[in-house]
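Have a look at the structure below, then the notes.
Basis for what follows: all heavy atoms, side chains included, without hydrogens, waters or symmetry-related copies. Protein chains get the first letters and strands the later ones, always in sequence-line order, with residue 1 at the start of each.
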Number of protein chains: 2
Amino acid sequence: MIFDAIDRKLLDYLQADSKQTNKELSNKLNLSVTAVYERIKKLEREGYINKYVALVNKQQVDRAFVAFCHIKLVQHSQEYVVKFEKEVAKIKEVLECYHISGDYDYLLKVLVKDMHSFREFMVKKLTTIDHIGSTHSMFVINEVKHTTAINI
Amino acid sequence: MIFDAIDRKLLDYLQADSKQTNKELSNKLNLSVTAVYERIKKLEREGYINKYVALVNKQQVDRAFVAFCHIKLVQHSQEYVVKFEKEVAKIKEVLECYHISGDYDYLLKVLVKDMHSFREFMVKKLTTIDHIGSTHSMFVINEVKHTTAINI
DNA sequence: TCATAATTGAAAAATTTTCATCAATATACA
DNA sequence: TGTATATTGATGAAAATTTTTCAATTATGA
């Protein structure tokens, strides 16, 4: 399968706004509506596009307080790691969790209402998970850039 | 405007899959197609939904190497901060940039092909920005959880 | 009770999807 | 080299589906 310049542009457009009609895209790409349709189906089939989602305004739903939490486990046995990852993935406030290199084991992105609810999250949800050694939290003062679009 | 339990469910569904038809949603929500249509329009109008996007598989487009970079500026004058933020936002490898509390000033999420291209990114793009004092990079070993959906 | 807001089903408009056909490109072969 | 033959991708028209509009009806709250 050949992924060409048109496919790249199409991915750009769909990453920016997936609600554009095939007719709009066909104008931008100088193709017929059917050609656009077939290319999109191909991108979906070949796994370039994972899914289509609505992005929600976190201010509007009262989840504008963003924190990053570093976490160290007390031990790194298979059992502890699997358990921790399973538990942390279940917490709705945790949108992202990465196993990372460096001083800490994990980096979490956490969305809550405010500092008070962050404390609630730490006490009631995060630190109730077993085997956590230490944590270190950083709070987002300002979101300078935030995109889901991969620019290839 | 009243945001009720049905709106919440609707936001959940649209954050999970925005390509569902209003008919499918109307079945799940036990509403008519038009009621679903009007509620979605309301969510868009009131700013609950920012936009609709396609999420791309980073493995498929060769951007599977994820790093988080901490950055400290040499100074924090208005001029330096503004300049840095403007420049870093332009770099396509940087998907996210946060001004954060703590030992470092910024946290960046960076997507590249591999370690070699990460080095290229650091040398050719990031550290060519003026006023950067120090950096500290962490590499993602495993993505345990990654969602764009805010669970309210 | 009245006014407002939300829901419904039907109709209209628009979009997606299918399909037969055509054009361009590469491949096989004499 | 030149010709026949798949193969791939594109096109426009038609069919199917979905979105959008609209008038009427039902809830909801002051």
Side-chain angles (χ1 to χ4, degrees), chain A residues 1-63 113 147-152, chain B residues 1-63 113 147-152:
Chain A
M1 182 244 183
I2 28 106
F3 182 89
D4 63 14
I6 298 176
D7 290 317
R8 173 156 43 246
K9 274 193 188 179
L10 185 49
L11 264 196
D12 281 350
Y13 292 139
L14 293 173
Q15 286 187 104
D17 176 10
S18 63
K19 273 288 161 74
Q20 294 171 93
T21 65
N22 292 343
K23 187 188 274 187
E24 289 173 308
L25 293 167
S26 73
N27 286 330
K28 294 181 182 176
L29 296 168
N30 278 102
L31 280 177
S32 71
V33 171
T34 305
V36 169
Y37 175 82
E38 288 299 343
R39 276 174 183 267
I40 293 175
K41 287 299 151 199
K42 187 188 65 181
L43 291 173
E44 290 168 2
R45 223 171 31 238
E46 311 268 344
Y48 286 87
I49 294 172
N50 274 339
K51 57 177 174 173
Y52 299 90
V53 301
L55 296 182
V56 164
N57 184 335
K58 57 182 179 303
Q59 279 77 27
Q60 195 75 357
V61 295
D62 251 334
R63 297 293 182 279
K113 182 184 186 319
T147 180
T148 54
I150 302 174
N151 197 325
I152 53 173
Chain B
M1 184 245 184
I2 28 103
F3 182 89
D4 63 13
I6 298 176
D7 290 317
R8 172 156 44 246
K9 274 193 187 179
L10 185 49
L11 264 196
D12 281 349
Y13 291 138
L14 293 173
Q15 286 187 103
D17 175 10
S18 63
K19 272 289 161 73
Q20 294 171 92
T21 65
N22 292 342
K23 187 188 272 187
E24 289 173 308
L25 292 166
S26 74
N27 285 331
K28 294 181 182 175
L29 296 168
N30 278 104
L31 278 178
S32 71
V33 171
T34 305
V36 169
Y37 174 82
E38 289 298 344
R39 276 175 182 267
I40 292 175
K41 288 299 152 199
K42 186 188 64 181
L43 291 174
E44 291 169 1
R45 221 170 32 234
E46 311 268 344
Y48 286 87
I49 295 173
N50 275 338
K51 55 178 176 173
Y52 299 90
V53 300
L55 295 182
V56 164
N57 184 335
K58 57 182 178 302
Q59 279 76 29
Q60 195 74 358
V61 295
D62 252 334
R63 297 292 183 279
K113 183 185 187 320
T147 179
T148 54
I150 302 175
N151 197 324
I152 53 175

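Axis angle, first five pairs versus last five pairs of the helix from dT1(C)-dA30(D) to dA30(C)-dT1(D): 30°, rounded to 10°.
Scanning residues 17-28 of chain B for heavy-atom distances under 4.0 Å to DNA chain D yields Thr21(B), Asn22(B). Within residues 33-40 of chain B, the residues approaching DNA chain C are Thr34(B), Ala35(B), Arg39(B), by heavy-atom distance under 4.0 Å.
Considering only residues two or more places apart in sequence or on other chains, Thr148(A) meets the side-chain contact (heavy atoms from CB on, under 4.5 Å) condition with Leu55(A), Val53(B), Leu55(B), Thr148(B). Take Asn27(B) and apply the side-chain contact (heavy atoms from CB on, under 4.5 Å) test, not counting sequence neighbours, and it matches no residue. Every residue two or more places apart in sequence or in another chain that forms a side-chain hydrogen bond (donor to acceptor under 3.5 Å, both in side chains) with Glu44(B) is listed here: Lys41(B), Tyr52(B). Judged as a side-chain hydrogen bond (donor to acceptor under 3.5 Å, both in side chains), and not counting sequence neighbours, Arg63(A) has no contacts. Residues satisfying the side-chain hydrogen bond (donor to acceptor under 3.5 Å, both in side chains) test with Lys58(B), not counting sequence neighbours, are Glu143(B). The side-chain hydrogen bond (donor to acceptor under 3.5 Å, both in side chains) search around Asn30(B) returns none, not counting sequence neighbours. Partners of Asn151(B) by side-chain contact (heavy atoms from CB on, under 4.5 Å), not counting sequence neighbours, listed by chain and number: Lys92(A).
Between the Glu38(B) side chain and the Ala35(B) main chain, no donor and acceptor come within less than 3.5 Å of each other.
Think of the region where chain A sits on DNA chain D: with heavy atoms and a 4.0 Å cut, that region ends 5' and 3' at dG9(D) to dA13(D).
Atom-to-atom distance recorded for Ile49(A):CD1 and Lys51(A):NZ is 13.5 Å, nearest 0.5 angstrom. Here CG of Leu31(B) is found 10.0 Å from CG of Leu25(B). Values are rounded to the nearest 0.5 Å.
The side chain to side chain donor-acceptor pair (under 3.5 Å) analysis of residues 8-20 of chain A, with sequence neighbours excluded, yields the pairs Gln20(A)-Lys28(A).
Between the CD atom of Glu44(A) and the P atom of dT16(C) there is a distance of 12 Å, given to the nearest Å.
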- request: Would you sort out whether Arg39(B) and Asp4(B) count as a side chain to side chain contact (heavy atoms under 4.5 Å, CB included), showing the intermediate values?
  value: CA-CA 11 Å; Arg39(B) 276 175 182 267; Asp4(B) 63 13; 2.9 Å; yes
